[in-house]
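Below: the structure, in structure tokens.
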2 protein chains.
Amino acid sequence: MVERNTTRKSPRRTDALSRERITAAAVELLDAAGEGGLTFRALSERLATGPGAIYWHVANKSELLEAATDAVVAAALPAPVTPVAADECVELAKPEAPVRSPQDEIRAVALGLFTAIAEHPWLATQVTLQLSLGPAKPVPLRLFESLGRQVGALGVPQESWFTAASALMHYILGAAAQNASNARVAGSEVGRAEFLDAVSAAWEELDPDEYPFTRAVARQARDHDDREQFLAGIDLILAGTAAR
Amino acid sequence: MVERNTTRKSPRRTDALSRERITAAAVELLDAAGEGGLTFRALSERLATGPGAIYWHVANKSELLEAATDAVVAAALPAPVTPVAADECVELAKPEAPVRSPQDEIRAVALGLFTAIAEHPWLATQVTLQLSLGPAKPVPLRLFESLGRQVGALGVPQESWFTAASALMHYILGAAAQNASNARVAGSEVGRAEFLDAVSAAWEELDPDEYPFTRAVARQARDHDDREQFLAGIDLILAGTAAR
DNA sequence: ACCTGAACACCGTTCAAGT
DNA sequence: ACCTGAACACCGTTCAAGT
């Protein structure tokens, strides 16, 4: 891990290629130009190499996307926390750490992903893609574990753990993904308001016979606060798990 | 709509190109070879034309994917039904139609999409992509409307309609998408069992310190029935909406 | 109005060749 | 062991030209 730190006189090759540097550059490109912005050519230009060099560290593009997604999500999610009311593992590691209720811990995880997707809209597609590729991919795994631990501490009977944790995970990913569309269109607060107005207006112009419900909630859609709505959904699911 | 039906003697040009024929062929390609299988070249070969011809009927590839997704989902979802317990619109159109409770109607909608995604795994990505592109796309709109109508009939207070319908929609899309991964890998029942065994085994080999919860539910993951689990999640959310 | 098919720009990926 | 960069196969899309 320790590299000989030659006095920076010869600037060449301080910057050897590595999986980490490639991943970081990929995230920058994705943030700057969206999903279409990540290209092996653009990436190798940014890293001052040829396209082939990248393949020495990364197998292909989907592995690169997975690594980028994983890195951002890992940074966004709070480190998994042993729940306070767990039956086993009673000894708390660090008494000075702030202790949150399982409900609050779940909300913190949810908001962490929500915020990350708002800041990196390309995450929405990638995260749901990982989900659709199987439950063993890093992001679903991490999320499932973080949520599940708290679900256990909630007093949910063990045979419902899987169901409860899955419901939470799916809601979080879906709602956060939908919200990314706002972020994509609306960088500024003004743009956001305009976007919501447009959606609301479009909904109000729908055929009253075909879309009575959507029309009825069009105003709600315009006036809602994203985070508030998002957390309201979490609470709804938590209420469902508590309702036995 | 009516075409002159010349006696099939001259086989040429009975098959004029149309948006519908193109969409149908696109669905066939997607079903046969997955997302990578849909190509303007492959498509034009199947339709016995040049690639350029398709652009006369369809603006670009994403519009084509949207049309294919929309067509399959529309066929899979039961026609939106006016709920039985609605406050307005009391007159029932067809008394001989089987009347379902709002809960059952919601389950029917959910299962419709679940089955469609199981039969067309490529739908998973496309549907969640539409969701992440905004709430005005056809699929989210259709699903939201179908679910929302029943939510209203459930006795949910109006200010919670948006939250409840959204929670249901996100769960359904997420869970159905995850399930598509099973369908992708496992055409047969045998393959499916093997796949679940593999996931379960992978989960059981996770680091006990990092993934205690996921390890704990690994057996549940192997033995569960997909549809049962899926519906259990729906019922959990319904319980949450009823819990006020 | 609708179709043809060659052409363009660009992409992921490979690989012989270098150091 | 790691990097270079030309080359390959393939893709979405365009457009002058046809009917």
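Order of the sequence lines sets the chain letters (A, B, ...), proteins ahead of strands, with each chain counted from 1.
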Side chains of B:Thr125 and B:Glu35, donor plus acceptor under 3.5 Å: yes
Whole-Å distance separating the CD atom of A:Glu35 from the P atom of C:dC11: 15 Å
Sidechain-backbone polar pair: A:Arg41 side chain, A:Pro51 backbone, donor-acceptor under 3.5 Å: no
Sugar-phosphate only, base, or nothing, as touched by B:Leu64 at under 4.0 Å among non-hydrogen atoms: nothing
B:Arg41 side-chain proximity, nearest of D:dG12, C:dT13, C:dG5: D:dG12
A:Arg107 side chain to A:Leu231 backbone, donor-acceptor under 3.5 Å: no
Spacing between A:Leu43 atom CG and C:dG12 atom P, to the nearest angstrom: 10 Å
Donor-acceptor side-chain pairing of B:Gln229 and A:Ser166 below 3.5 angstrom: no
Whole angstrom value for the distance that separates C1' of C:dT14 from CG of A:Asn60: 13 Å
Between P of C:dT19 and CG of A:Leu17, the distance in whole Å: 19 Å
Whole-Å distance separating the CZ atom of B:Arg21 from the C1' atom of C:dC2: 14 Å
For atom OH of A:Tyr55 and atom C1' of D:dC3, their distance in whole Å: 15 Å
Any A:Trp56 side-chain nitrogen or oxygen under 4.0 Å from OP1 or OP2 of D:dC3: no
Spacing of A:Ile54 atom CD1 relative to C:dC11 atom P, expressed in whole Å: 13 Å
Residue-phosphate contact under 4.0 Å: B:His57 side-chain N/O, C:dC3 OP1/OP2: yes
Contact nearer the 5' end of DNA chain C, comparing A:Phe40 with A:Ala53: A:Phe40
Strand partner of C:dG5, provided both Watson-Crick or wobble distances fall under 3.5 Å: D:dC15
B:Thr115 side chain reached by B:Arg227 side chain, heavy atoms, under 4.5 Å: yes
Spacing of B:Leu47 atom CG relative to C:dT4 atom P, expressed in whole Å: 10 Å
Closest to side chain of A:Thr39, choosing from D:dT4, D:dG5, C:dC11: C:dC11
